[in-house]
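Protein chains get the first letters and strands the later ones, always in sequence-line order, with residue 1 at the start of each.
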2 protein chains.
Amino acid sequence: MRANTEATGGGVGDVPAASGRAAGGRDKGRYHHGDLRNALIQAAIELAGEGGPDAVVLRAAARKVGVSATAAYRHFDSHGDLLGAVKDYGQQRLVACMEAGGREVHGEGPEGTRRRMMALGRGYIRFARQEPGLFRTAFCRKALGEVGITEDGSVIEAGGASGWDTRSFEMLTETLDEAVAVGLIAPDRRPGAELSAWAMVHGTAMLFLDGPLDTLTEEESGYVVDRVLHDVLAGLAAS
Amino acid sequence: MRANTEATGGGVGDVPAASGRAAGGRDKGRYHHGDLRNALIQAAIELAGEGGPDAVVLRAAARKVGVSATAAYRHFDSHGDLLGAVKDYGQQRLVACMEAGGREVHGEGPEGTRRRMMALGRGYIRFARQEPGLFRTAFCRKALGEVGITEDGSVIEAGGASGWDTRSFEMLTETLDEAVAVGLIAPDRRPGAELSAWAMVHGTAMLFLDGPLDTLTEEESGYVVDRVLHDVLAGLAAS
DNA sequence: TCCTCTATGTTGACGCCGTGAACATCGGTG
DNA sequence: CACCGATGTTCACGGCGTCAACATAGAGGA
């Protein structure tokens, strides 16, 4: 971090989720932008949405805001730092999409819980399909100092599991606990169940985006998603 | 494609899988390399193995071989073309790793088939963990003309499901058919089963690499993999 | 009120990247 | 042997991330 990045907490939080034209350039050539950090993040988010993580180009974001490239360095340590901000935003959007899906289902008992789990998974995959660029950015490596190669050629991987929004994991955990309480999942199959569930959903999303499922229509993909989610629930339910 | 890329079929095939020092530079300054295309692919494979798809830098590969950067354009259309060759190679290695896993299991009947499916999945994930750079490259987008942005800003996604090695999919299909024949999977649950199986395995691999499972030890991850594979089989077996 | 100090921008430069154009060299075919 | 196409080379361009030096606006104290 550098300069005032500490002050804004490094989060994205107050970026207007979808403010149309990126606040398109400052009015009347003010020398100081006023909110350049968030403006750059917003521009970078749009780039990511259109072209994925590789499209998040520092100079392009600066151009969009109407500011010189190096101005970004007053607010971000590096290109990876900016990308990390977009990554955080993407993860938040993913969580929001899951929550939106879960809120629509209100049923009680085993069937209600089952439908809620399905809704969670559908929300996850819906976000991946509707916002592929952001989804890929949310799961891309190489934000901040995650990977790099030192001058002597050795590979460095700093950070470990850093930079992960744990909220989506918590949502899954809560719903799985509910599923056990309600008798949907056998208690002895509970430990580690979030892994199977998450892997299945995430894998399905990846196959939709980068795999051989990328040509399916909306309707076909609906069947696929239901089938996959049904299978993972069946696998967890089996005694 | 350009020049003689047609002649070698665009495949990698005859690249020595792991020839230590990349054939380290031509001897005695011969003007013509003799096998530059494969030498560049080999160098690019090493780059990918060390740093993933982003490390596959055309100029770096040329440097490794001891040749000028533009020489690569006699054998590849573009950077994406070279990356595509590495991608193909990575997919072949993945298939090889799955086959190696499957060959170790010889049992007959339901239990044998079950163990064979587990071995296939373990091979998939073992490759992802042992060769993360190659694995990521095998599944990276942006080889050849897969994605791009036109001058007017619109996003173009050419190719569709192109560039996919279908062999791994076939192996899965065969084993699933075997599982039905042997009574492991209910026939009515067979259609679409490869999707669930693949999604689960691929998702687990992704969570190991880019997700929150990247800190697990070898032993821990073994349990995780077994658990996940067990779950997906249970899900398919349930009537 | 004015002066100064610091946060925030700008310009210029560097080395790396992918890529095209023009030129050089080798090796096989008439 | 003379030639020609395949295969390399050098040079050049614009774009990228990033650093150093300089410019400016706006806030807080004299």
Asker: Taking CZ from A/R74 and C1' from D/dC19, how many angstroms apart are they, rounded to a whole number?
Answerer: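 To the nearest whole Å, that distance equals 11 Å.
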Asker: Rounded off to whole Å, could you give me the CG-to-P distance for the A/D54 and C/dC17 pair?
Answerer: 16 Å
Asker: Return the value, rounded to whole Å, for the distance between atom OH of A/Y73 and atom P of C/dT10.
Answerer: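 Roughly 15 Å, once rounded to whole Å.
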Asker: Verify salt bridge (Lys or Arg N to Asp or Glu O under 4.0 Å) between A/R63 and A/E46, making sure each step is shown before the conclusion.
Answerer: CA-CA 13 Å; A/R63 230 175 289 134; A/E46 289 174 14; over 6 Å; no
Asker: Would you check if the side chain of A/K87 reaches a backbone N or O of A/F139 as a donor-acceptor pair within less than 3.5 Å?
Answerer: no
Asker: For B/G101 versus B/A119, what's the shortest heavy-atom pair and its separation?
Answerer: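 Heavy atoms of B/G101 and B/A119 come nearest at O-CB, 3.4 Å.
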Asker: Polar-atom pairs under 3.5 Å, protein N or O versus N or O of nucleotides 10-15 of chain D: list them with distances, or write none.
Answerer:
unit_1: D/dT10; atom_1: O4; unit_2: B/T70; atom_2: OG1; d: 2.7

Asker: Does B/H75 make a side-chain N or O approach to OP1 or OP2 of D/dA6 shorter than 4.0 Å?
Answerer: no
Asker: Can any side-chain N or O of B/Q91 pair as donor or acceptor with the backbone N or O of B/D88 at less than 3.5 Å?
Answerer: no
Asker: Kindly write out the residues that satisfy side chain to side chain contact (heavy atoms under 4.5 Å, CB included) with A/V57, not counting sequence neighbours, or none if the list is empty.
Answerer: A/R59, A/A60
Asker: Can you check the B/L36 CG to D/dG8 P distance for me, whole Å?
Answerer: 5 Å
Asker: Output the rounded distance in Å from NE2 (A/H79) to P (C/dC17).
Answerer: 16 Å
Asker: Roughly how many Å is it from CG in A/L58 to C1' in D/dT18, rounded to a whole number?
Answerer: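 Distance, rounded to whole Å: 9 Å.
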Asker: Whole angstrom is fine here: how far is it from CG in A/L40 over to P in D/dG17?
Answerer: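 Going from A/L40 (CG) to D/dG17 (P), I get 12 Å.
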Asker: Calculate the interatomic distance between B/D81 atom CG and C/dT19 atom P; express it in whole Å.
Answerer: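 Checked: the CG to P distance equals 10 Å.
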Asker: Applying side chain to side chain contact (heavy atoms under 4.5 Å, CB included), name anything that partners A/A199, two or more places apart in sequence or on another chain.
Answerer: B/M200, B/T204, B/L207
